[in-house]
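The block underneath contains the structure these notes are about, expressed in structure tokens.
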Amino acid sequence: ATVTIGGVAATVTSVTGTTIVATTGAGSAGPATVTVTNLDGNGGSLTNGYTYSPLPTITSITPNNGALAGGNSVVIVGTGFVNPVTSVTFGGTAGTVTAQTTTQLTVTAPAHAAGAVNVVVTNPDTQSVTATNGYTYNPFPTITSITPNNGTQGGGNSVVIVGTGFDNPV
């Protein structure tokens with residue numbers, strides 16, 4: 001027997017007189033008709049017998065950066081988030097989902113080493129979406145020089161601080 005779902009061939013792995021096991025091909029989001037055709041050409045269909053869930057998407061991540069220690073609240077906006085999502089990872093480390101709709105996730109960012117990391121949202125059906133370098137862990141700020149390095153006790157002195165890892169705006 002052969003199987004199509006939404007007009008797309010499925011891979012049949014097992015057939016008995018009452019059961020077919022098949023793996024779906026890629027399909028369009030929404031309901032799909034399932035058709036089974038026997039070797040003699042006879043077949044049957046079940047209209048809307050299977051539903052393809054839409055693939056998840058990510059359209060924005062706010063804020064898209066944070067401290068190495070993690071802990072900040074990050075809002076991920078997109079589509080196709082199935083409640084509850086299986087995981088949201090930042091560079092392979094799981095964040096904690098604190099609120100969810102089909103178009104928005106609020107996640108507590110985990111701790112991670114410095115640098116840009118991929119953000120991956122995975123639904124229970126194993127469909128996932130990756131925002132490549134979607135979040136950046138900022139290194140701790142370092143100060144290399146202060147000019148001038150002295151001033152009057154009353155304040156009001158202008159100084160230039162040079163270093164790395166400063167958030168903008170401070």
Point to revise | Test side-chain hydrogen bond (donor to acceptor under 3.5 Å, both in side chains) applied to Asp40 and Asn42, step by step | key: CA-CA 6 Å; Asp40 63 7; Asn42 291 318; 3.1 Å; yes
[atom2] on [Y] to [atom1] on [X], rounded to 0.5 Å:
X      : Y      : atom1 : atom2 : result
Asn65  : Tyr137 : CG    : OH    : 10.5 Å
Thr2   : Leu39  : OG1   : CG    : 8.0 Å
Tyr52  : Thr24  : OH    : OG1   : 4.5 Å
Asn149 : Asn157 : CG    : CG    : 11.5 Å
Thr136 : Asn64  : OG1   : CG    : 6.0 Å
Thr59  : Ile61  : OG1   : CD1   : 9.0 Å

Using a 3.5 Å distance criterion without hydrogens, assess whether the side chain of [X] forms a donor-acceptor pair with backbone atoms of [Y].
X      : Y     : result
Gln127 : Phe81 : no
Tyr135 : Gly66 : yes
Thr57  : Thr79 : yes
Ser87  : Thr89 : no

Non-hydrogen atoms of [X] and [Y] that approach each other most closely:
X      : Y      : answer
Val74  : Pro63  : CG1-O, 3.7 Å
Pro31  : Asn48  : CB-OD1, 3.3 Å
Ser45  : Thr33  : CB-CG2, 3.9 Å
Asn133 : Ala116 : OD1-CB, 3.7 Å
Gly80  : Pro56  : O-CB, 3.8 Å
Ile20  : Ala1   : CD1-CB, 4.2 Å

Exercise for review: Determine, stepwise, if the pair Thr11 / Thr23 fulfils side-chain hydrogen bond (donor to acceptor under 3.5 Å, both in side chains).
Suggested key: CA-CA 5 Å; Thr11 303; Thr23 303; 5.7 Å; no
Check your understanding: In terms of hydrophobic clustering (I, L, V, M, F, W, Y; side-chain heavy atoms under 4.5 Å; direct or indirect links), are Val36 and Val21 co-clustered?
Key ->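 Cluster IDs for Val36 and Val21 differ.
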Check your understanding: Does Val82 share a hydrophobic cluster with Leu55, counting links as ILVMFWY side-chain heavy atoms below 4.5 Å and allowing steps through other members?
Key -> no
**Study point:** Validation row, ring centre His112 to ring centre Phe90 under 6.0 Å
**Key:**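 Distance test on ring centres: not under 6.0 Å, no.
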Exercise for review: May I have the step-by-step check of side chain to side chain contact (heavy atoms under 4.5 Å, CB included) for Val107 and Ile76, ending in yes or no?
Suggested key: CA-CA 8 Å; Val107 183; Ile76 301 171; 4.1 Å; yes
Practice item. Walk me through it: do Thr106 and Ser73 pass the test side chain to side chain contact (heavy atoms under 4.5 Å, CB included)? Key: CA-CA 7 Å; Thr106 303; Ser73 183; 3.3 Å; yes
**Study point:** Side chains of Asn123 and Thr86 in contact at under 4.5 Å (non-hydrogen atoms)
**Key:** no
Review point. Does the side chain of Ile58 come within less than 4.5 Å of Val77's, by heavy atoms?
Key: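 They are not in side-chain contact.
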Review point. After noting the C-alpha distance and the side-chain angles of Val119 and Thr130, does the key distance pass the side chain to side chain contact (heavy atoms under 4.5 Å, CB included) rule?
Key: CA-CA 6 Å; Val119 177; Thr130 300; over 6 Å; no
Review point. Is there a side chain to side chain contact (heavy atoms under 4.5 Å, CB included) between Gln104 and Val75 once you walk through the steps?
Key: CA-CA 7 Å; Gln104 183 172 304; Val75 176; 3.6 Å; yes
